[in-house]
S.K.: 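Okay, here's the structure, questions in a sec.
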Amino acid sequence: MAKINFGGVEENVMTREEFTLSKAHSVLDNELIAVIGYGVQGPGQSQNLRDNGFNVIVGQREGKTYDKAIADGWVPGKTLFSIEEACKKADIIMCLLSDAAVMSVWPKMKPYLTKGKALYFSHGFAITWSDRTGCVPPSDVDVIMVAPKGSGTSLRRLFLEGRGINSSYAIYQDATGKALERTLALGIGIGSGYMFETTFQREAVSDLTGERGSLMGAIQGLLLAQYEVLREHGHSPSEAFNETVEELTQSLGPLFGEKGMDWMYANCSTTAQRGALDWFPRFHDAIKPVCEWLYLNVQNGNEAQISIDSNSKPDYREGLEKELKAMRESEMWKTAETVRTLRPENQNK
């Protein structure tokens with residue numbers, strides 16, 4: 001475990017050079033891993049483990065995602081089972097269900113959480129707010145987490161490219177004395193780049209804050225606000241979209257993703273530099289109180305309860321599709337469809 005300096009603060013970090021794939025095999029080769037759920041994280045994590053040579057099976061209810069698992073090469077009765085059967089067989093139960101699904105499936109999983117097994121999550125939600133979710137594991141199992149900092153799709157894509165996605169890791173309960181080794185081995189097995197230490201509570205709070213903030217909620221709000229202002233002042237949909245979204249995602253994002261915001265600024269016009277340097281403090285001062293309000297709402301459990309209440313409604317899926325449809329059919333994102341077809345790489349398809 002290396003201590004790495006991040007902006008003047010030291011953190012514990014584990015890399016693939018320190019905890020090698022062969023070391024992960026030495027930890028896990030006598031353990032059967034069951035990936036429970038085949039929705040967002042399940043496909044990427046299970047296939048990466050399989051490709052890395054680990055003994056892995058999938059537990060999934062029959063339906064659309066069950067059929068997807070079969071299409072991905074999981075074989076019913078051999079490597080694909082019901083949730084109960086997979087949990088019964090496994091030494092390590094990787095719970096990769098959605099937060100709402102964890103709550104509904106928990107009574108089926110809990111009887112198979114027997115002494116010495118490990119219960120693995122990729123999100124701290126169910127355990128952090130166990131008073132609301134009802135997910136209280138027995139005291140004689142390891143409770144561990146590896147949380148990739150990206151979607152399961154990205155995890156799989158980067159793995160196939162020979163790269164990796166950064167992950168956090170945490171130990172909530174070490175009943176066997178080998179929880180840390182199990183955790184790090186699983187993190188390497190699923191294709192993590194490097195892993196940094198956290199807790200279930202910190203991961204859950206930071207994750208919900210990020211999703212509602214800069215990663216999803218705030219970015220849509222900011223983009224929509226600027227697009228609307230440009231349109232209301234007479235700019236065309238194409239111009240408004242290109243100046244708001246296309247240039248950000250296709251040109252500037254890769255620049256600051258590669259070497260930082262200062263490098264991206266240095267590679268823009270002097271007019272853009274001056275405007276950005278003058279205006280980012282104004283956006284910071286306007287947005288920080290909203291971020292603080294958001295953080296406190298997550299920290300006190302309000303956001304978790306809203307998610308639980310919303311996701312538990314019988315018509316949740318119908319309501320969700322209606323909200324997503326409204327976004328999809330908004331002028332800004334309908335414009336996006338046209339702009340994507342006009343990208344050079346798509347014009348000859």
Side-chain angles (χ1 to χ4, degrees), residues 19 23-39 41-42 44-50 52-61 69 74 77-99 101-130 133-148 167-190 192 195 198-201 203-204:
F19 204 105
K23 184 173 181 179
H25 274 288
S26 72
V27 174
L28 298 177
D29 271 357
N30 293 322
E31 310 227 60
L32 177 61
I33 304 163
V35 171
I36 307 302
Y38 209 74
Q41 283 289 336
Q45 293 200 32
S46 62
Q47 290 181 84
N48 290 1
L49 284 165
R50 181 177 64 185
N52 270 333
F54 294 94
N55 191 12
V56 58
I57 61 176
V58 170
Q60 176 61 42
R61 292 171 289 195
W74 303 100
K78 291 185 178 180
T79 55
L80 177 59
F81 301 90
S82 69
I83 289 174
E84 294 92 335
E85 186 68 17
C87 289
K88 182 179 179 180
K89 289 175 176 292
D91 300 297
I92 298 173
I93 298 171
M94 296 178 67
C95 183
L96 298 181
L97 298 155
S98 69
D99 297 323
V102 173
M103 294 168 58
S104 63
V105 173
W106 182 255
K108 298 178 182 179
M109 295 176 58
K110 193 171 182 180
Y112 303 105
L113 294 173
T114 52
K115 184 177 180 179
K117 290 192 176 187
L119 175 62
Y120 165 110
F121 292 92
S122 282
H123 187 20
F125 189 106
I127 296 298
T128 297
W129 293 292
S130 59
T133 65
C135 299
V136 180
S139 60
D140 54 2
V141 301
D142 293 341
V143 182
I144 61 180
M145 177 175 66
V146 177
S167 302
S168 61
Y169 73 90
I171 313 298
Y172 180 78
Q173 191 166 278
D174 183 3
T176 66
K178 56 183 182 180
L180 178 59
E181 281 204 329
R182 277 172 150 177
T183 303
L184 296 175
L186 288 164
I188 295 300
I190 67 170
S192 299
M195 291 177 280
T198 188
T199 67
F200 272 64
Q201 192 270 345
E203 191 283 333

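We count residues from 1, following the sequence as given.
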S.K.: For Asp29, what residues pass the side chain to side chain donor-acceptor pair (under 3.5 Å) criterion, not counting sequence neighbours?
M.R.: His25
S.K.: Any idea which heavy atoms bring Tyr169 and Leu180 closest together, and the distance?
M.R.: CE1-CD1, 3.9 Å
S.K.: Do the side chains of Tyr120 and Leu96 get nearer than 4.5 Å, heavy atoms only?
M.R.: yes
S.K.: Counting C-beta onward and ignoring hydrogens, is there a side-chain heavy-atom pair between Leu186 and Ile144 closer than 4.5 Å?
M.R.: yes
S.K.: Search all heavy atoms of Val136 against all heavy atoms of Ser130 and return the closest pair with its distance.
M.R.: CG2-CB, 4.2 Å
S.K.: Given side chains that start at C-beta, do those of Ser104 and Leu97 come closer than 4.5 Å, heavy atoms only?
M.R.: no
S.K.: Does the pair Phe19 and Val27 meet the rule for a side-chain contact (heavy atoms from CB on, under 4.5 Å), with working shown?
M.R.: CA-CA 11 Å; Phe19 204 105; Val27 174; 4.2 Å; yes
S.K.: Could you list the residues that satisfy side-chain contact (heavy atoms from CB on, under 4.5 Å) with Ala170, not counting sequence neighbours?
M.R.: Met145, Thr198, Phe200
S.K.: Does Ser192 have any side chain to side chain donor-acceptor pair (under 3.5 Å) partners at least two apart in sequence or in another chain, and if so, which?
M.R.: Ser167
S.K.: Residues two or more places apart in sequence or in another chain: which of them pass ring-ring contact (aromatic ring centres under 6.0 Å, His included) with Trp129?
M.R.: Phe125
S.K.: Could you check Val56, Asn55, Ile92, Ile93 and say which one makes a side chain to side chain contact (heavy atoms under 4.5 Å, CB included) with Leu32?
M.R.: Asn55
S.K.: Looking only at heavy atoms, which two atoms of Ile33 and Met94 are closest? And how far apart?
M.R.: CG2-SD, 3.2 Å
S.K.: Does anything in residues 102-117 form a salt bridge (Lys or Arg N to Asp or Glu O under 4.0 Å)? List the pairs, not counting sequence neighbours.
M.R.: none
S.K.: Go through the structure and list residues passing side-chain contact (heavy atoms from CB on, under 4.5 Å) with Gln173, not counting sequence neighbours.
M.R.: Val141, Val143
S.K.: Under the side-chain contact (heavy atoms from CB on, under 4.5 Å) rule, collect the residues that match up with Asp174, sequence neighbours excluded.
M.R.: Asp142, Ile171, Thr176, Ala179
S.K.: With the side chain counted from C-beta on, respond yes when Val105 and Arg61 share a heavy-atom pair under 4.5 Å apart, and no when they do not.
M.R.: yes
S.K.: Is there a side-chain contact between Leu28 and Leu49 (heavy atoms, below 4.5 Å)?
M.R.: no
S.K.: Okay, side chain of Glu31, backbone of Asp91: is any donor-acceptor separation there less than 3.5 Å?
M.R.: no
S.K.: Taking side chain to side chain donor-acceptor pair (under 3.5 Å) as the definition, give me every residue that meets it alongside Asn48, ordered by chain and number, with sequence neighbours left out.
M.R.: Arg156
S.K.: Is there a side-chain contact between Met195 and Ile188 in this structure, where contact means two heavy atoms from C-beta onward sitting under 4.5 Å apart?
M.R.: yes
S.K.: How far apart are the closest heavy atoms of Gly124 and Glu203, and which atoms are they?
M.R.: N-OE1, 2.7 Å
S.K.: Side-chain atoms of residues 82-89: list all donor-acceptor pairs with protein atoms under 3.5 Å, sequence neighbours left out, distances to 0.1 Å.
M.R.:
| unit_1 | atom_1 | unit_2 | atom_2 | d |
| --- | --- | --- | --- | --- |
| Ser82 | OG | Glu85 | N | 3.1 |

S.K.: Tell me every residue that passes side-chain contact (heavy atoms from CB on, under 4.5 Å) with Asn52, counting only those two or more places apart in sequence or in another chain.
M.R.: Leu21, Phe54, Phe159
S.K.: Is the shortest heavy-atom distance from the side chain of Ile190 to the side chain of Val146 under 4.5 Å?
M.R.: yes
S.K.: Is the shortest side-chain heavy-atom distance between Phe121 and Gln41 below 4.5 Å?
M.R.: no
